[in-house]
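Everything numeric here is computed off the predicted structure, so don't read it as measured data.
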Amino acid sequence: MNAFKSKQLMSGFVLSALILVGCGGAAPAPTAKPAATAVPAKQTVVIELGSKGDEIAFDKTALSAPAGSRITIKFKNNANPNSGMLHNVVVVKPGTQDGVAAEGIAAGETLNYVKKDDARVLAMTKVIKGGEFVEVSFDAPAPGDYPVICTFPGHYVLMKAVLTVK
Ligand SMILES: [Cu+2]
C-alpha cells in the first residue's frame, strides 16, 4: 500500500515536471525577443527621374516623398550618348540653388560641379553622360519644398524640379 502510494506521488511529480517543461517550450521564440530594441525600418521611396531627351530639362518637375522616409532618386540621362549632354542631380536647401550652382561651376568638373562639403546640398549624384544611369539615397529632410537642380554649367536655370516633403 505504501509502495503503491509513493509510486502514485512519483508519477504525479513527473507529470507536473512535464507540464512545466511544456510551458517553457511555449515561451516566445528567441528571434521574437529583441523587438523592444529594434529600430523600425524607414519607408523607402524610389523616385525615378530622367532628363527630357536631349533637352536641358528633367522629365518631371514635381517630386514628392513623405517626411521620415528614405529617398532613392534613380536618374537616367536620356540624351543621345553622342550629344555631349552631361547632367547631374543635386537636391538643395530652399533658396540656395543660385549659390550652389554658381559655386558649383567654380568647383569644376572633377567635383561634379558641386562645392566640396557644401552644407546647402542634401544629396547629389555625379555628372553622367547620355545613356548613363546613377542613383543616390538620402533621408528625407523636414517637410518643405526643396529645389532639385542640375549644376552642370548653364543648366540649372532650365533644369530644375521641386521635391516636396510632407
Ligand atoms: Cu544638366
Side-chain angles (χ1 to χ4, degrees), residues 27-166:
T31 49
K33 256 197 160 175
T37 53
V39 177
K42 280 193 173 188
Q43 180 190 354
T44 300
V45 177
V46 175
I47 296 174
E48 293 194 354
L49 184 65
S51 69
K52 201 173 174 183
D54 287 344
E55 292 178 42
I56 300 174
F58 289 121
D59 61 358
K60 288 175 192 155
T61 54
L63 316 174
S64 68
S69 63
R70 179 88 180 154
I71 301 171
T72 296
I73 295 179
K74 296 186 170 189
F75 177 62
K76 170 94 189 287
N77 184 341
N78 290 312
N80 184 307
N82 302 317
S83 65
M85 187 64 83
L86 305 175
H87 301 299
N88 66 0
V89 178
V90 183
V91 184
V92 304
K93 290 180 180 170
T96 66
Q97 60 270 40
D98 294 352
V100 170
E103 290 165 46
I105 292 171
E109 187 185 354
T110 53
L111 291 177
N112 294 287
Y113 302 106
V114 175
K115 194 179 90 174
K116 196 177 191 312
D117 300 326
D118 192 330
R120 299 166 295 184
V121 172
L122 303 175
M124 64 170 285
T125 70
K126 63 177 185 176
V127 170
I128 57 169
K129 297 174 185 167
E132 290 184 336
F133 172 88
V134 71
E135 67 175 63
V136 61
S137 296
F138 58 104
D139 290 331
D145 290 334
Y146 296 84
V148 178
I149 57 174
C150 169
T151 60
F152 188 86
H155 285 202
Y156 99 95
V157 174
L158 297 165
M159 198 161 183
K160 57 189 175 184
V162 174
L163 168 66
T164 300
V165 176
K166 54 191 168 188

What is the minimum heavy-atom distance between His155 and Cys150, and which atoms define it?
ND1-SG, 3.6 Å

Please verify the inter-ring angle class for Phe75 with His87; under 30° counts as parallel, over 60° as perpendicular, anything in between as tilted.
perpendicular

Show the nearest heavy-atom pair for residues Asp98 and Tyr156, with the distance to one decimal.
OD1-OH, 2.6 Å

Do Glu103 and Arg120 come within less than 4.5 Å of each other through their side chains, counting heavy atoms only?
yes

Stepwise side chain to side chain contact (heavy atoms under 4.5 Å, CB included) check, Ser51 with Met85
CA-CA 10 Å; Ser51 69; Met85 187 64 83; over 6 Å; no

For the atom pair OH (Tyr146) and CD (Gln97), what is the distance rounded to the nearest 0.5 Å?
13.0 Å

Taking Ala119's backbone N and O only, do any of them form a donor-acceptor pair with Lys93's side chain (distance below 3.5 Å, no angle check)?
yes

Straight-line distance of Lys52 NZ to Phe58 CZ, nearest 0.5 Å:
12.5 Å

Note, Lys166 side chain near Pro66 side chain (heavy atom, < 4.5 Å):
no

Determine the sole option in Thr61, Val162, Ile47, Val89 for which the side chain to side chain contact (heavy atoms under 4.5 Å, CB included) test with Val148 is passed.
Val89

Tell me which one of Leu111, Asn112, Thr151 satisfies side chain to side chain contact (heavy atoms under 4.5 Å, CB included) with Met124.
Asn112

Go through the steps to decide whether Lys74 and Thr72 satisfy the test side chain to side chain contact (heavy atoms under 4.5 Å, CB included), and finish with yes or no.
CA-CA 6 Å; Lys74 296 186 170 189; Thr72 296; 4.1 Å; yes

For Asn77 and Gly130, which heavy atoms make the closest approach, and how far apart are they?
ND2-N, 3.3 Å

Value rounded to 0.5 Å, distance of OH in Tyr113 from CD1 in Ile105
9.0 Å

Correct closest heavy-atom pair for Ala140 and Val165 would be CB-CG1, 4.2 Å

Pair Asn88, Thr125: side-chain N/O donor-acceptor within cut-off below 3.5 Å
no

Quick check: closest heavy atoms across Ile149 and Ala101, and the distance to 0.1 Å?
CD1-CB, 4.3 Å

Verify, without hydrogens or angle tests, whether Asn78 (side chain) and Gly50 (backbone) share a donor-acceptor contact under 3.5 angstrom.
no

Heavy-atom closest pair (Pro94 atom, Pro147 atom, distance to 0.1 Å) is CA-CD, 3.8 Å

When rounded to the nearest 0.5 Å, the distance separating CG of Asp117 from NZ of Lys115 is 9.0 Å

Using a 3.5 Å distance criterion without hydrogens, assess whether the side chain of Ser69 forms a donor-acceptor pair with backbone atoms of Ile71.
no

Pairwise side-chain contact, Lys60 with Glu48, heavy-atom cut-off 4.5 Å (strictly under):
yes

Verify side chain to side chain contact (heavy atoms under 4.5 Å, CB included) between Leu63 and Thr164, making sure each step is shown before the conclusion.
CA-CA 6 Å; Leu63 316 174; Thr164 300; over 6 Å; no

Lys126, NZ: over 12 other non-hydrogen atoms inside 6.0 angstrom:
no

Gap between atom CD1 of Ile73 and atom CD of Glu135 - 0.5 Å precision:
10.5 Å

Within the 4.5 Å heavy-atom criterion, are Val91 and Phe138 side-chain neighbours or not?
yes

